[in-house]
Q: 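A single structure is presented below for examination.
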There are 2 protein chains.
Amino acid sequence: MARRAHSGPEDCNCLAVRQAARHVTQFYDQFLAPSGLRTTQFSILAKLRRLGPMTINALAAEMVMDRTTLGRNILPLERDGLIAVGQGSRDRRSKELQVTEAGEARFRAATKGWVQAQQQFEKAFGAKRTTDMRALLHAVAATDLGPTAV
Amino acid sequence: MARRAHSGPEDCNCLAVRQAARHVTQFYDQFLAPSGLRTTQFSILAKLRRLGPMTINALAAEMVMDRTTLGRNILPLERDGLIAVGQGSRDRRSKELQVTEAGEARFRAATKGWVQAQQQFEKAFGAKRTTDMRALLHAVAATDLGPTAV
DNA sequence: CCTATATGGGAGTACATACACTGATGTCAA
DNA sequence: TTGACATCAGTGTATGTACTCCCATATAGG
């Protein structure tokens with residue numbers, strides 16, 4: 001059998017997923033550009049819209065994103081009036097994030113571009129490979145990769 | 001058949017790959033942290049080391065990265081003396097990037113952590129799924145997704 | 001030779017990402 | 001009650017990402 005004895009940095013899972021993320025993000029961003037939203041912003045609006053008002057910590061976990069990163073990412077959305085940031089009801093420390101009317105409208109407008117991107121992606125990459133890849137990516141994002149142990 | 005009539009933003013390929021990239025990057029970064037390298041920097045050194053001295057444009061294409069992004073990313077590496085930036089021989093506009101001795105040493109030190117990360121990832125996610133995912137990601141990064149046509 | 005066009009790279013701007021540290025609040029037990 | 005500990009979120013710092021505009025240089029046509 002021609003098994004490789006070793007795997008080198010050319011087989012890096014991290015590099016592979018980052019390269020793919022850059023490539024795909026640029027593609028989707030082109031379709032979202034007319035709406036004035038980035039893919040990250042579109043994703044935040046989509047999540048918040050589907051799940052309803054929630055705190056920064058909760059949304060960050062849903063986004064598989066660091067809490068402080070989400071804190072920064074909501075600033076442009078808040079500035080543009082697409083989401084509203086109110087005080088949490090039970091806990092005064094927390095902040096409730098909510099999609100505004102303007103946010104809803106912007107999201108619906110951006111969805112047109114997103115559908116095009118999604119369809120063209122599937123056409124170019126293949127329906128089966130697209131489904132398989134997305135399933136694997138969802139799985140890896142949900143996998144506890146374990147302790148660092150350095 | 002129970003086919004879904006529509007796919008909504010919860011099936012976004014872009015969000016999936018970005019979430020996975022964040023999750024995996026944080027994992028690998030923990031193992032690389034003792035060496036003082038980020039995953040991006042480790043990848044740059046690995047590519048440049050394997051392929052030999054090359055220009056910013058060429059390396060950016062190899063990294064599936066925007067030219068200006070790579071320009072920014074090499075600054076910390078240059079500052080720390082891990083890569084050397086010289087003038088191109090044939091074209092005076094171009095810059096030749098090269099891994100220095102210090103860069104080689106740093107890379108070798110970081111490789112210990114990378115191997116641990118790679119092995120633990122494979123153990124947690126499964127060897128077959130890891131191989132499949134990496135193949136799909138390499139394929140998508142190399143796929144011309146086509147014109148924007150907005 | 002000289003100009004039109006193409007190409008290599010930098011600067012400005014804006015957003016994305018996350019760690020360490022900090023402050024503010026909540027919770028629970030002594 | 002009150003003090004120890006946990007939890008929510010902001011700030012400082014550093015890097016990652018890419019677009020637009022810009023300049024320097026190269027190359028091809030005339």
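Each chain gets a letter, A, B and so on, in the order its sequence line appears, and its residues count up from 1.
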Q: If you measure from NZ on A/Lys123 to CD on A/Gln119, what distance do you get to the nearest 0.5 Å?
A: 10.0 Å
Q: Indicate yes or no: at least one non-hydrogen side-chain atom of B/Leu15 is less than 4.5 angstrom from one of A/Thr39.
A: no
Q: I'd like to know if the side chain of B/Glu10 and the backbone of A/Ala46 have a donor-acceptor N/O pair within less than 3.5 Å.
A: no
Q: So, for B/Ala117 and B/Phe27, which heavy atoms are closest and what is the spacing to 0.1 Å?
A: O-CE2, 3.4 Å
Q: Need to verify one output field. Residue with the more 5' nearest nucleotide on DNA chain C, B/Ile56 or B/Arg93?
A: B/Arg93
Q: Where does the chain B footprint on DNA chain D start and end, counting 5' to 3' with a 4.0 Å heavy-atom cut-off?
A: D/dT15 to D/dA26
Q: For residues 48-65 of chain A, dump all side-chain donor-acceptor pairs below 3.5 Å to protein atoms at least two apart in sequence or in another chain.
A:
{"from": "A/Arg49", "atom 1": "NE", "to": "A/Glu104", "atom 2": "OE1", "distance (Å)": "3.1"}
{"from": "A/Arg49", "atom 1": "NE", "to": "A/Glu104", "atom 2": "OE2", "distance (Å)": "3.1"}
{"from": "A/Thr55", "atom 1": "OG1", "to": "A/Ala58", "atom 2": "N", "distance (Å)": "3.3"}

Q: How long is the span from the CZ atom in A/Phe42 to the SG atom in B/Cys12, to the nearest 0.5 Å?
A: 6.5 Å
Q: As an exercise, state the distance from CG of B/Leu45 to CZ of B/Arg108, rounded to the nearest 0.5 Å.
A: 11.5 Å
Q: Just call it for A/Thr25: base, sugar-phosphate, or nothing, with non-hydrogen atoms closer than 4.0 Å on any strand.
A: nothing
Q: What is the distance from atom CE of A/Met133 to atom CG of A/Leu136, rounded to the nearest 0.5 Å?
A: 9.0 Å
Q: Does A/Gln19 reach the main-chain N or O of B/His138 with its side chain, forming a donor-acceptor pair under 3.5 Å?
A: no
Q: Can you work out whether B/Asp91 or B/Arg22 has the more 5'-proximal nearest nucleotide on DNA chain C?
A: B/Asp91
Q: Partners of A/Asp132 by salt bridge (Lys or Arg N to Asp or Glu O under 4.0 Å), sequence neighbours excluded?
A: A/Lys128
Q: Give me the residues of residues 57-87 of chain B where at least one heavy atom lies under 4.0 Å from an atom of DNA chain D, by number, or none.
A: B/Met65, B/Asp66, B/Thr68, B/Thr69, B/Arg72, B/Asn73, B/Pro76, B/Arg79
Q: Going 5' to 3' along DNA chain C, which are the first and last nucleotides with any atom under 4.0 Å from a heavy atom of chain B?
A: C/dA6 to C/dC19
Q: Mind checking the CD1-CG spacing from A/Ile44 to A/Leu97? Nearest 0.5 Å is all I need.
A: 9.0 Å
Q: How large an angle, rounded to 10°, do the end axes of the helix from C/dC1-D/dG30 to C/dA30-D/dT1 enclose when each is built from five base pairs?
A: 0°
Q: Not counting sequence neighbours, which residues clear side chain to side chain donor-acceptor pair (under 3.5 Å) with A/Thr68? List them please.
A: A/Asp66
Q: State, to 0.1 Å, how close A/Thr25 and B/Cys14 come at their nearest heavy-atom pair, and which atoms those are.
A: CA-SG, 3.7 Å
Q: Check residues 77-95 of chain B and write down every donor-acceptor pair under 3.5 Å in which the side-chain atom is one partner and the other belongs to a residue at least two apart or another chain.
A:
{"from": "B/Asp91", "atom 1": "OD1", "to": "B/Arg93", "atom 2": "N", "distance (Å)": "2.9"}
{"from": "B/Asp91", "atom 1": "OD1", "to": "B/Arg93", "atom 2": "NE", "distance (Å)": "3.1"}
{"from": "B/Asp91", "atom 1": "OD2", "to": "B/Arg93", "atom 2": "NE", "distance (Å)": "3.3"}
{"from": "B/Asp91", "atom 1": "OD2", "to": "B/Arg93", "atom 2": "NH2", "distance (Å)": "2.7"}
{"from": "B/Ser94", "atom 1": "OG", "to": "B/Asp91", "atom 2": "O", "distance (Å)": "2.8"}

Q: Do side-chain atoms of B/Gln118 reach the backbone of A/Asp11 as a donor and acceptor pair under 3.5 angstrom?
A: yes
Q: So, using side chain to side chain contact (heavy atoms under 4.5 Å, CB included) as the criterion, who are the partners of A/Ser35 when residues are at least two apart?
A: A/Leu32, A/Leu37, A/Ala110
Q: Can you sort out the partners of B/Thr130 under side chain to side chain contact (heavy atoms under 4.5 Å, CB included), two or more places apart, ordered by chain and number?
A: A/Asn13, B/Phe121, B/Glu122, B/Phe125, B/Arg134
Q: Counting only heavy atoms and a strict 4.0 angstrom limit, can you tell me which residues of residues 99-114 of chain A come near DNA chain D?
A: none
Q: Looking at DNA chain C, which of residues 35-52 of chain A put a heavy atom within less than 4.0 Å of it?
A: A/Arg38, A/Thr40, A/Gln41
Q: Under a 4.5 Å cut-off applied to non-hydrogen side-chain atoms, are A/Tyr28 and A/Trp114 in contact?
A: yes
